[in-house]
Amino acid sequence: MHPLRHRISIAPLFALALLTACGDPDTVIPDPAPTTIEIIAGDGQRAVQGLQLEDSVIVRVLDQEGRTLYGAEITFTPGAGHGQVDSASAATDAAGRAHAFWTLGTDPGNQTLTVAAGAASASVGATALDLEAELDVVFAPPSQAEIDAVGTDWAARDVSATGVRVELTEPLSLVGSPATLRIVSHTVTGARHYGAIVVPDGASEESLHVLAYLHGGDGGVSVADLQFVALPLGELRDSFVYVVPSFRSEPLRHDGQSWISEGTSSPWDYDVDDAIALMTVAFETTPEARPGGYSVIGGSRGAGVALLAGARDERIRRIVAFYGPTDFYDDWVREIVREAALRMPRSLPGVTHLDSTVVQPFIRGDRGPADVRLELARRSSVLFAAGLPAVQLHHGTIDQVVSVSQAESMIRTMEALGRGPPDFEAYIYEGGGHDFLSLQEAIQRAVEFVSREFGG
């Protein structure tokens, strides 16, 4: 048979098979039609009004037999005033799925998105948050019950240091004075933490006051930074044991080496646990350290940690705080949180952490306002000012990293408590920035303040 005549001859048979089912020539097999739309993901999300939802809306289309449909045309239609999608229509893939990104409308409240394919349809819901109303709740003044809850949490934490190791011991020149450096580690709350202890050579037992240096930023700390602490001390530099903690998840660096503390980053909050535990190690392993108490100097993030530590560790006698945060219920912090909620977080130490662990989970609905308020409270030393030791505060009026309003909040709180010189001293520097060199006479004042502890 001729090949062409063979192909032509089978066509009528194929057509007949399509038109005939179960021997009945009047029964026609219908084309698969969209019957059901399943919402796979993206329903019930929350976002700030006018912003795109974090996750795309994903749907699956099924026919009357429950089979997925490939190439089915899907439309995504927001309700009136309920925003827009990145694509009003899409075709389903081989798994019968299609997706769209939904940007909410500007009106707060519940919003809807209708998904349709043929005669089938489904509705997706989302909540558009009134950001200012949400912030009003979060930043309302804290109650005594909330403050007490933070205190209870602190009291329950185990800040004891175990598994102490000496990682490195070597000579160190401390601005020209011979000293010995020890890099030590210990375990606190299940994570290994690293710190540096520097002791001037030739000191007798229990003769040196202990001074902790708490660093700023979120990039870790270098032993070399200690030179900037010792330099202004002048002749007093050999009067101290110096203790330098790193904070969890951050490095301690020295001479090309690096030791990274374990644990999840927790700016200001668990930074305090790390510092307190290391101070215990310093007292237990340094015969030259005078027992009983220590002083702390901190800048920026470190100043905030120092003040919080002062509320928790009774061994602290004096704190010098340079331009650090004190009040997370302040309008300046509220503005930072607002920007983060709008997905424009500031490039400031600690903000990335707070955005990812507090702000965005709150916006999504994973954390409630009561939980968020406690996160603010446990970072606000002004709430615990009555229990602080002697404090000296330094802040510049044009600080672009930490607003001077943070110092002003602590000043108002201390005044309300009736605390003033010499127990509490505060210096606001007109035109001063986020740099102690721009704060005229601040260094001299800090040295004099710390030296009072031992009659210097």
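By convention here, the first residue in the shown sequence is residue 1.
- With Gln49 contributing its side chain and Thr106 its backbone, the two residues share a donor-acceptor pair below 3.5 Å.
- Between the side chain of Gln84 and the main chain of Thr103, no donor-acceptor pair closer than 3.5 Å is present.
- For residues 386-417, the ring pair (Phe, Tyr, Trp, His ring centres under 6.0 Å) pairs, not counting sequence neighbours, are Phe322-His394, His394-Tyr427, His394-Tyr429.
- Under the 4.0 Å criterion applied to side-chain N and carboxylate O atoms, Glu38 and Arg97 are not assigned as salt-bridge partners.
- Pairs passing the side-chain hydrogen bond (donor to acceptor under 3.5 Å, both in side chains) check and including a residue from residues 308-324, sequence neighbours excluded, read Asp273-Arg312, Thr280-Arg315, Tyr294-Asp313, Asp313-Arg315, Arg318-Glu453.
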request  = Apply the test side-chain hydrogen bond (donor to acceptor under 3.5 Å, both in side chains) to residues Arg192 and Thr187: give CA-CA distance (whole Å), side-chain angles for both, the deciding distance (0.1 Å), then the verdict.
outcome  = CA-CA 4 Å; Arg192 183 151 293 274; Thr187 299; 3.2 Å; yes
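- Ion pair Arg67/Asp63 flagged as a salt bridge, since at least one NZ, NE, NH1 or NH2 atom sits closer than 4.0 Å to an Asp/Glu carboxylate oxygen.
- Remark: Phe384 pairs with Trp154 by the ring-ring contact (aromatic ring centres under 6.0 Å, His included) rule, at least two apart or across chains.
- Scanning for side-chain hydrogen bond (donor to acceptor under 3.5 Å, both in side chains) contacts around Thr286 gives Arg182, with sequence neighbours left out.
- Residues passing the side-chain hydrogen bond (donor to acceptor under 3.5 Å, both in side chains) test with Glu250, sequence neighbours excluded: Arg301.
- Applying the ring-ring contact (aromatic ring centres under 6.0 Å, His included) rule to Trp102 yields no partners; only residues at least two apart in sequence or on another chain are considered.
- With hydrogens and angles ignored, the 3.5 Å screen pairs no side-chain donor or acceptor of Arg378 with any backbone N or O of Tyr270.
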request  = With side-chain hydrogen bond (donor to acceptor under 3.5 Å, both in side chains) as the test, would you mind laying out the steps for Gln406 and Asp327 before giving the verdict?
outcome  = CA-CA 6 Å; Gln406 293 290 293; Asp327 183 1; 5.6 Å; no
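- When atom types are taken as modelled, the side chain of Arg373 and the backbone of Ala140 share a donor-acceptor pair closer than 3.5 angstrom.
- Side-chain atoms of Ser405 and Asp330 include a donor-acceptor pair closer than 3.5 Å.
- The closest donor-acceptor contact from the side chain of Ser87 to the backbone of Ser89 lies under 3.5 Å.
- The pair Asp136-Arg334 counts as a salt bridge, with a side-chain nitrogen and a carboxylate oxygen less than 4.0 angstrom apart.
- Proximity of a side-chain donor or acceptor of Asp274 to a complementary backbone N or O of Asp271 within less than 3.5 Å is not detected.
- A donor-acceptor distance shorter than 3.5 angstrom exists from the side chain of Gln111 to the backbone of Gly105, with no hydrogens or angles considered.
- The pair Arg364-Asp55 does not meet the salt-bridge criterion, since no charged nitrogen lies less than 4.0 angstrom from a carboxylate oxygen.
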